[in-house]
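Structure, as structure tokens:
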Protein chains: 2
Amino acid sequence: MTVTLADVAARAQVSPATVSRVLNGNYPVAASTRERVLKAVDELDYVLNGPASALAAATSDLVGILVNDIADPFFGIMAGAIQAEIGGPGGRAGGERLAVVCNTGGSPERELTYLTLLQRQRAAAVVLTGGAIEDAPHQAAMDAKLRKLADAGTRVVLCGRPQAPETGAIALTFDNRGGGQELTGHLIGLGHRRLGYIAGPQERTTTRHRLEGHRAALAAHGIEEDPRWTVHGRYDRRSGYEATLELLRRDPSLTAVVAANDSVALGACAALRDSGLRIPDDVSVAGFDDLPFSIDAVPALTTVRLPLAEAGARAGRIAMGREEAPAGGIAVVRGELMVRGSTAGPRE
Amino acid sequence: MTVTLADVAARAQVSPATVSRVLNGNYPVAASTRERVLKAVDELDYVLNGPASALAAATSDLVGILVNDIADPFFGIMAGAIQAEIGGPGGRAGGERLAVVCNTGGSPERELTYLTLLQRQRAAAVVLTGGAIEDAPHQAAMDAKLRKLADAGTRVVLCGRPQAPETGAIALTFDNRGGGQELTGHLIGLGHRRLGYIAGPQERTTTRHRLEGHRAALAAHGIEEDPRWTVHGRYDRRSGYEATLELLRRDPSLTAVVAANDSVALGACAALRDSGLRIPDDVSVAGFDDLPFSIDAVPALTTVRLPLAEAGARAGRIAMGREEAPAGGIAVVRGELMVRGSTAGPRE
DNA sequence: CACTACATAGAAAGCGCTTGCTGTGACGTT
DNA sequence: AACGTCACAGCAAGCGCTTTCTATGTAGTG
């Protein structure tokens, strides 16, 4: 039914071995023979059987990209950049690799299961993006899995994720702590003393690091933090909206709201507006990530730009072995404070 | 080196066949034997060899999702919904399937190559999202490819894409034409007579259909279109910004700007503001898609909501054979006009 | 001109798994 | 008590490709 290598070989009057060699092009084949084979391939409309090839060669051209939420541009941008470098079809890379992105939805189990699936497929490389989950058992399981993947020859790269020690993985870590500190420092510099903070989900490293940065800035300026000023939520607009209302309820005298990311900040802006407060006259708002839409908020969002595309591209190159891994297996990627209209001095 | 089925069999004191059957669970195996096998699997930390399994069984658990731009939430939302239904790991589906999203970047060649790659992997199903490219040779090539995939047993579903006749593909098509007509009709109803239109790239079906809807609305109200009122660009913010400036240059008397999608509309808003024009007092702006951020624009964007998540979910279910295909292999998914603050009557 | 060296092509042995078919005891039936 | 039935388990034949090793024709060398 389906055309196989043997069929092509028969048609081209050569052995299957020769056809294989023509297709893989790593063995001398006379030009005339090659052409005959190629012609047969074309005429029969032959398509290599991936699994068979992977089995025999004990390698595969699959590269996995794990993301927490594919609908979030934060991940979409990184994934796109990674994929572009992996080369997918048409990319600059020579060999064609199937770069696939897997959506974990932030679930620990799915993260692990996808890794197993990729291990099954004997993936050539795996790139994990975004923050990790801070749950000891899960982290141990992940580390063990990553270790096993690395041992099996799969290149493992972490992009925007803290280093996983002892796993052989290469990490491109975002300096969420530093960015958070700089951002809150900026607000304090403007004169703010009562700052609300809308954090992400509790158990994520990204959440913790950004919050730590925020607190470090407060501490550095001798501002004592009121526990009422911090609310946890998800990394989305809705959560930002609700958290802001909660913050306002707890302490209406806040003069600034720092959000875990830009989507949350947008929600915060909406909540403030709906509460009759002006931005930044009454309350300043700051985000994080600098996603494309942040500049379109009115007023434009002050935020910390993370070079998502650049980091993703680099991760992709490292995964393909086209760029050397950073010394020590880890590189810290810094953010850049983008001061825009959503922050100003407090009203009084 | 790596653990194989045979190793597990040896350890559990059974034949490889039995181990395989335990793992696939579609053949009676005595409970005691099963347990012994499972124990051995666990102890040896055995991971099935995907390619070998796929080769022997002549099937694979890979499902491909093709998107034009993974960094665009339009595709991200659909892809996420599809993937959730495919069941990826942890999904509701029983068998674990590796749902992978492939980023074509809108390039015809990459689209085709990804399809070949998926064909190689003997993918169980393929879902193509977003508009198609209107280039006869490419379309013919695509159709042939889809036909071949379908013939090989791969289920092919088009989500938000026009039907591909004679290919055996099932289509969930967005009613871009109807949505566009309704949107422009709304603007005309408000009293606008001079409407600028920022279209997407020329060769995409989505672009053409939305534009056709726009023109149909104009025609229906007896408004003669000025060719200067239409500008083509990409589906992004930047393009919307530039196109709007161009539109303003060509005809400063325009009272409304209709954008190809929400990102473009956001860029248009920015350009108008930067030109000293108020929205909607001086110029009304309308988008398309109703992406999550559209409601956060100030003023909130009037747009056509496309049920991306719902359509994606349905496409996913059909791809998995968990939902019946629509009669005739095609279903039209309608959009819903969302009237918000960015549109109002013209100034004069 | 005999002999070695090289460039190609083929034969064949797997890669690790699935599955149709063939045992083989333990039961149930007349 | 003899025999048909089941319920399991194993054998072995591939799935379609890669690759090592070997064979062969040709070219280069003294």
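Values below: every heavy atom of this structure, side chains too, minus hydrogens, waters and symmetry copies.
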*asked:* Applying salt bridge (Lys or Arg N to Asp or Glu O under 4.0 Å) as the test, list every pair that has at least one member in residues 111-130 of chain A; sequence neighbours left out.
replied: A:Glu111-A:Arg161

Determine whether any donor atom in the side chain of [X] lies under 3.5 Å from an acceptor atom in the base of [N], or the reverse, and answer yes or no.
X        : N      : value
A:Arg122 : C:dG16 : no
A:Arg120 : C:dG16 : no
A:Tyr27  : C:dA9  : yes

Closest approach to the side chain of [X], judged atom by atom: which nucleotide of [options] is it?
X       : options                : answer
A:Asn49 : D:dG16, C:dA12, C:dC17 : D:dG16
A:Ala56 : C:dC21, D:dG16, D:dC8  : D:dG16
B:Tyr46 : C:dG16, D:dT19, D:dA9  : C:dG16
A:Thr2  : D:dG16, D:dC8, D:dA9   : D:dG16

Looking at [X], does any N or O in its side chain come under 4.0 Å of the phosphate oxygens OP1/OP2 on [N]?
X       : N      : answer
A:Asn24 : D:dT18 : yes
A:Ser53 : D:dC17 : no
B:Ser15 : D:dA9  : no
A:Thr18 : C:dG10 : yes
B:Thr4  : C:dC15 : no
A:Thr33 : C:dA9  : yes

d([atom1], [X]; [atom2], [N]) in whole Å:
X       : N      : atom1 : atom2 : result
A:Arg36 : C:dT8  : CZ    : P     : 14 Å
B:Asp61 : C:dC17 : CG    : P     : 14 Å
A:Arg34 : C:dT8  : CZ    : C1'   : 12 Å
B:Leu5  : C:dT19 : CG    : P     : 12 Å
A:Leu23 : D:dG16 : CG    : P     : 16 Å

*Closest-nucleotide ordering on DNA chain D, the 5'-leading residue of B:Ala30 and A:Arg21*: B:Ala30

*Pairwise 5' ranking along DNA chain D for B:Ala31 and B:Ala17, keeping only the more 5' one*: B:Ala31

_Please determine whether the number of non-hydrogen atoms from other residues, nucleotides or ligands lying under 6.0 Å from atom CD of A:Glu35 exceeds 12._
no

*Among A:Val63, A:Thr129, A:Ile65, find the one that has a side-chain contact (heavy atoms from CB on, under 4.5 Å) with A:Val101.*
A:Ile65

*asked:* Would you say A:Ser15 and A:Thr18 are linked by a side-chain donor-acceptor pair, where the criterion is simply a distance under 3.5 Å?
replied: yes

*Between B:Asn26 and B:Leu55, which is nearer to the 5' end of DNA chain C once each is assigned its nearest nucleotide?*
B:Leu55

*With a 4.5 Å heavy-atom cut-off, do A:Thr4 and A:Asp7 have their side chains touching?*
yes

*Using a strict cut-off of less than 4.0 Å between a Lys/Arg side-chain nitrogen and an Asp/Glu carboxylate oxygen, indicate whether A:Arg147 and A:Asp151 qualify as a salt bridge.*
yes

